[in-house]
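Only a predicted model underlies this, so the values are computations on that prediction, with no experimental measurement involved.
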Amino acid sequence: MINFNGTIVSQDTNVLTQNRAFLYGDAVFETVKIVNSKILFLEDHYFRLMASMRVIRMEIPMNFTMEYFEEQLLSLAIDNAFSNSCRARITIFRNDGGYYLPETNEISFLIHVVGIENALYAIADQEYEVDLFKDFYVTKQLLSSIKTTNRILNITASIFANENGLNNCLLLNDSKNVVEAIQGNIFMLMGNKLITPPISEGCLNGVMRKQILEIAKNMGSLEVVEEVISPFDLQKADELFITNVIKGIQPITKYRKKSFDAVISKDLLGKLNEIVTAI
């Protein structure tokens with residue numbers, strides 16, 4: 001028996017009783033964008049998920065191929081009539097049993113989908129203000145670069161942003177350098193130099209981060225580097241923007257007393273949409 005919200009019931013009535021993702025955050029996940037029954041950047045998502053599972057020593061089933069991954073995501077999107085444009089999340093968790101030491105490394109997974117309005121990426125013409133979140137810090141380690149279900153820092157930062165009328169917050173690592181935003185990687189333009197923190201700083205190894213780096217390098221007009229960004233650099237930037245696979249590119253228009261343009265952001269977005277259209 002268990003006590004659920006003050007009522008004594010059989011533990012069989014609640015599937016979370018022994019669920020390791022719920023009890024210990026023993027899970028990793030991927031969020032993908034599906035457009036016209038195709039998963040954008042499929043290989044990048046699949047291989048990042050496989051790498052994440054290996055890092056935390058999950059047993060990868062033999063049948064969990066990229067084709068299987070794609071089939072499971074698309075079939076649910078189609079069943080929900082969301083295949084034209086949606087976001088889908090797959091959460092992989094270690095099977096029940098054990099405490100900190102699991103009884104097995106075998107896994108199960110859960111997928112859910114939500115329809116989204118626009119297939120192509122777009123930038124809303126509105127103010128987007130950010131500030132630093134300094135209550136807690138991202139650690140410079142490999143675990144910080146993968147998508148586990150332990151997102152309590154991001155949740156707390158989201159609450160802080162909401163309480164302070166901000167659209168987002170920029171997260172710092174334990175060296176007090178800027179790492180990323182709450183739900184995406186950060187890019188900074190200074191002159192013709194486009195900068196994003198290296199993965200070694202503790203930022204997420206973002207799928208959209210990879211796409212933007214490749215697009216920017218192919219433009220020819222930008223010097224593209226992975227370098228440390230300090231909070232002091234933000235005030236000197238010409239542009240700041242956030243990237244993730246659902247939003248694409250989100251320009252930051254205001255940081256403290258500094259306002260920013262979005263010229264390069266819009267140029268990159270146009271080239272990103274060319275890739276999406278061609279997929």
Taking all non-hydrogen atoms of both residues into account, name the closest pair between L268 and F241 and its distance. CD1-CZ, 3.5 Å
R89 CZ: over 12 foreign heavy atoms closer than 6.0 Å: yes
Minimum heavy-atom separation for M58 to I92, with atom names? CE-O, 3.5 Å
A119 to V276 - nearest heavy-atom pair and separation: O-CG1, 4.4 Å
Could you give me the CA-CA distance, side-chain angles and deciding distance for S108 and N95, then say whether side-chain hydrogen bond (donor to acceptor under 3.5 Å, both in side chains) is met? CA-CA 6 Å; S108 296; N95 286 345; 2.6 Å; yes
Take E30 and R48 through the salt bridge (charged side-chain N to carboxylate O under 4.0 Å, His left out) test and state the conclusion after the steps. CA-CA 8 Å; E30 281 289 317; R48 183 174 69 171; 2.7 Å; yes
For the CG atom on D125, are there more than 12 heavy atoms of other groups (residues, nucleotides or ligands in this structure) within a distance under 6.0 Å? no
Other residues, nucleotides and ligands only: do more than 12 of their heavy atoms fall within 6.0 Å of NZ on K134? no
What about L272 and Y128, same hydrophobic cluster or not, with Ile/Leu/Val/Met/Phe/Trp/Tyr joined at side-chain heavy-atom distances under 4.5 Å? no
Dump the intermediate steps for salt bridge (charged side-chain N to carboxylate O under 4.0 Å, His left out) on E180 and R209, then the final yes or no. CA-CA 11 Å; E180 59 194 3; R209 174 185 182 274; over 6 Å; no
Is the NZ atom of K258 crowded by more than 12 outside heavy atoms at less than 6.0 Å? yes
Please test E201 against N173 for side-chain hydrogen bond (donor to acceptor under 3.5 Å, both in side chains), starting from the C-alpha separation and ending with a verdict. CA-CA 7 Å; E201 283 293 287; N173 64 15; 2.8 Å; yes
Are the side chain of Q11 and the backbone of T17 linked by a donor-acceptor contact shorter than 3.5 Å? no
Heavy-atom closest contact (P197 atom, I186 atom, distance): CD-O, 3.5 Å
Can L166 be reached from L234 by stepping across I, L, V, M, F, W or Y side chains whose heavy atoms are under 4.5 Å apart? no
